[in-house]
Amino acid sequence: MSKSFDVVVIGAGPGGYIAAIRAAQLGFNTACIDDWKNAAGGPAPGGTCTNVGCIPSKALLQSSENYDHAAHHFADHGIGVKGLAIDVARMIARKDAVVKQNNDGILYLFKKNKVAFFHGRGSFVSAGDKGYEIAIDGAEPQTVTAMHVIVATGSSARALPGVAFDEERVVSNDGALRIGAVPKRLGVVGSGVIGLEMGSVWRRLGADVTVLEALPTFLGAVDEGVAKEAMKLFTKQGLKIQLGVKIDAVKSGKQGVAVSYTDAKGEAQTLAVDRLIVSIGRVPNTEGLNAHGVGLKLDERGAIVVDDECRTNLANVWAVGDVVRGPMLAHKAEEEGVAVAERIAGQHGHVNFNTIPWVIYTAPEIAWVGQTEQQLKAEGRAYRAGQFPFVANGRARAIGDTSGFVKFLADAKTDEILGVHIIGPLASELIAEAVVAMEFKASSEDIARICHAHPSLGEAMKEAALAVDKRTLNF
Ligand code: FAD
Ligand code: NAI
């Protein structure tokens, strides 16, 4: 007989596992099904984020940044390093250990919250009086029934047409996170978030990295001033970024990978590399769910169609995270997971899309929340901008990282903060203040009048807020 649950979540990425925990906290008898396998074939909950996304990429970014500091910056502090070397196998093993800690942590959280975990692939069988029947294609195939289903099956890397990932030479984010030795020449297709983060990892370790981007603008979704600064800094670091290219063919062989492309001037070019990372966006995971069998509506991209509250077209079936519309970010998936569990409980869960922060974990980091200057201009909104450079911040000088700036955008009349854009040290942490401020509908004057610890990078936030009213104190 199949076990029955109040709530069954399909997928244990950040959207799914958090939804399951919140549903259990709210008193629902909850199960979570996930098919990710570790190297030994065992369960590895956490989805893309934990296994081949946020967590392992940040582990490698940290390792490579440490190496970069030892190679290029320690000398400034009077620290001499002889015989500096990178042991890539050790670095990858450390990353794998970090991933495992997170997998184990989620299994522990399931136990603690009494979430039943099933390892295998879940698919809809039928809808009936007792809810939905879901088959689990695990080591022991079984079915469960659920009054409510939350689909959180995530996304996978998009391949170039006709160029399959072999994860050896032509790699997705998966292969890019387990390259066994520093490639001499690395190609990256797509100068988005993955391309820049993974390109940075291998460049810092010594690879000659060329990034080929289809669009004529660099980081089009990012505030123009920040994108311009980023292009300048990344180019200075040695990333070769070519914009406006069209990939014509990719040939992979024993000697490496040859990428034929047409450059922005319309001239045919070839790039020969040892490895090629293809990071041109991601596609929702809906194959194998039997969505059509139960009439679950998908859009033309294969994403599950949901309303503003993550309801699908089927009663009591919800979907969250990368498998639905909106930014493909772990924290967006988590917020949607919590909101859906609360809606099932009759509460009023809410996700504010305008205050979802974005971070690109390059060095310097890039982080933003709210609207960009180009968006405000296109809307015809009257605004005031205030900018403060890290070069004028005492803590940044002490740390030895003075690149970049903080920019505040505020409504010209009401002074409400409309957007905050940071490129600089620890932007990922600094942006939290802006998110809180915007959630509370703060004005730039509010931030300008708040006492910030000295010396801290946070003072650059206060100074940029002061700059909106043209009264910076340290610049
Ligand atoms: P996923 O994390 O993709 O999880 C879905 C899970 O469901 C997977 O385990 C999958 O195997 C499983 N599944 C799929 N179908 C089934 C099925 N039928 N039955 C059972 N299980 C199934 N975001 C950030 O916010 N910050 C970052 O720093 C960041 N870095 C990233 C770096 C990289 C290299 C990549 C690729 C992504 C990164 N992201 C980052 C994006 C982030 O990983 C995703 O937005 C997030 O994982 C989405 O969560 P999810 O729960 O929707 O799906
Ligand atoms: P992306 O959407 O960030 O960037 C893809 C880039 O590839 C774009 O600039 C696009 O114009 C370009 N492109 C598309 N087709 C192309 C082609 N044929 N040739 C050349 N260029 C082409 O996608 P990416 O980097 O794959 O990452 C996927 C998603 O994962 C991100 O959008 C983000 O949501 C998430 N992510 C988030 C991170 C973070 O929060 N720090 C880190 C990594 C990923």
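In listed order, ligands and their atoms are each counted from 1.
For the residue pair Asn103 / Thr50, no side-chain donor-acceptor distance below 3.5 Å is found, with atom types taken as modelled. Under 3.5 Å, the side chains of Asp322 and Asn285 contain no donor-acceptor pair of N or O atoms.
Using a 4.0 Å cut-off to heavy atoms of Pro14, the atoms of ligand 1 that qualify are 2 (O), 46 (C), 47 (O), 49 (O), 51 (O). With ligand atoms numbered from 1 in the order given, ligand 1 contributes 2 (O), 43 (O), 47 (O) to contacts under 4.0 Å with heavy atoms of Cys49. Using a 4.0 Å cut-off to heavy atoms of Ser57, the atoms of ligand 1 that qualify are 32 (C). Below 4.0 Å from some heavy atom of Val52 lie the following atoms of ligand 1, by number and element: 34 (C), 36 (C). With ligand atoms numbered from 1 in the order given, ligand 1 contributes 2 (O), 4 (O), 8 (C), 9 (O) to contacts under 4.0 Å with heavy atoms of Gly47. Heavy-atom proximity to Ser155, at under 4.0 Å, picks out these atoms of ligand 1: 3 (O). If you number the atoms of ligand 1 from 1 as listed, the ones under 4.0 Å from a heavy atom of Arg282 come out as 36 (C). Numbered from 1 in the order shown, with element, the atoms of ligand 1 that lie under 4.0 Å from a heavy atom of Gly321 read 52 (O).
Considering every non-hydrogen atom in both Asn38 and Pro43, the closest pair reads ND2-O, 3.6 Å.
Atom 44 (C) of ligand 1 has its nearest heavy-atom neighbour, among Ile136, Ile277, Asn285, Asp322, in Asp322. One option in Asp137, Ile18, Ile360, Asp35 has a heavy atom closer to atom 10 (C) of ligand 1 than any other, and that option is Asp35. In the candidate list Val323, Asp34, Ile10, Asp34 is nearest to atom 6 (C) of ligand 1, counting heavy atoms.
Of all the heavy atoms of Met198, none lies under 4.0 Å from any atom of ligand 1, so neither backbone nor side chain is involved. Here Leu177 has no heavy atoms under 4.0 Å from ligand 1, in either its backbone or its side chain. At a heavy-atom distance under 4.0 Å, only side-chain atoms of Lys58, from C-beta outward, approach ligand 1.
Under the 4.0 Å criterion applied to side-chain N and carboxylate O atoms, Arg121 and Asp137 are not assigned as salt-bridge partners. Comment: Asp96 does not engage Lys100 in a salt bridge, judged by the lack of any side-chain N to carboxylate O separation of less than 4.0 angstrom. The pair Lys228-Glu224 fails the salt-bridge criterion, with no side-chain N (NZ, NE, NH1 or NH2) lying under 4.0 Å from an Asp/Glu carboxylate O. Salt-bridge check for Glu335 with Lys332: failed, with every basic side-chain N at 4.0 Å or more from each acidic carboxylate O. Between Arg185 and Asp208, none of the side-chain N atoms (NZ, or NE/NH1/NH2) sits under 4.0 Å from a carboxylate O, so this pair counts as no salt bridge. Of the charged side-chain nitrogens involved, none lies within less than 4.0 Å of a carboxylate oxygen, so that Lys265 and Glu267 do not count as a salt-bridged pair. Comment: Glu336 engages Arg325 in a salt bridge, judged by a side-chain N to carboxylate O separation of less than 4.0 angstrom.
At least one N or O atom of Leu329 sits closer than 3.5 Å to an N or O atom of ligand 1. Checking only distances, Tyr361 never comes within under 3.5 Å of ligand 1, N or O to N or O. Residue contacts with ligand 1: Asn173 is placed with no nitrogen or oxygen under 3.5 Å of a nitrogen or oxygen of the ligand (distance criterion only). The shortest N or O to N or O distance between Ala333 and ligand 1 is not under 3.5 Å.
Atom 38 (C) of ligand 1 has Cys54 N, 3.9 Å as its closest protein atom, hydrogens excluded (heavy atom only).
Residue contact annotation: Gly288 has no non-hydrogen atom under 4.0 Å from ligand 1. Between Gly120 and ligand 1 there is a heavy-atom distance shorter than 4.0 Å. Ligand 1 has no atom lying under 4.0 Å from any heavy atom of Lys332.
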Please produce the table of protein N or O atoms sitting under 3.5 Å from N or O atoms belonging to ligand 2, one pair a line, distance to 0.1 Å.
from: ligand 2; atom 1: 3 (O); to: Val193; atom 2: N; distance (Å): 3.2
from: ligand 2; atom 1: 9 (O); to: Glu213; atom 2: OE1; distance (Å): 2.7
from: ligand 2; atom 1: 9 (O); to: Glu213; atom 2: OE2; distance (Å): 3.2
from: ligand 2; atom 1: 11 (O); to: Glu213; atom 2: OE2; distance (Å): 2.6
from: ligand 2; atom 1: 21 (N); to: Ala214; atom 2: N; distance (Å): 3.2
from: ligand 2; atom 1: 23 (O); to: Gly281; atom 2: N; distance (Å): 3.4
from: ligand 2; atom 1: 25 (O); to: Val193; atom 2: N; distance (Å): 3.3
from: ligand 2; atom 1: 25 (O); to: Ile194; atom 2: N; distance (Å): 2.9
from: ligand 2; atom 1: 26 (O); to: Gly281; atom 2: N; distance (Å): 2.9
from: ligand 2; atom 1: 34 (O); to: Met328; atom 2: O; distance (Å): 2.6
from: ligand 2; atom 1: 40 (O); to: Val359; atom 2: O; distance (Å): 3.4
from: ligand 2; atom 1: 41 (N); to: Glu197; atom 2: OE2; distance (Å): 2.9
from: ligand 2; atom 1: 41 (N); to: Val359; atom 2: O; distance (Å): 2.7

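Every residue was checked against the ring-ring contact (aromatic ring centres under 6.0 Å, His included) condition with His119, not counting sequence neighbours, and none meets it.
Here Lys246 contributes atom NZ and Tyr261 contributes atom OH; the two are 13.5 Å apart, rounded to the nearest 0.5 Å.
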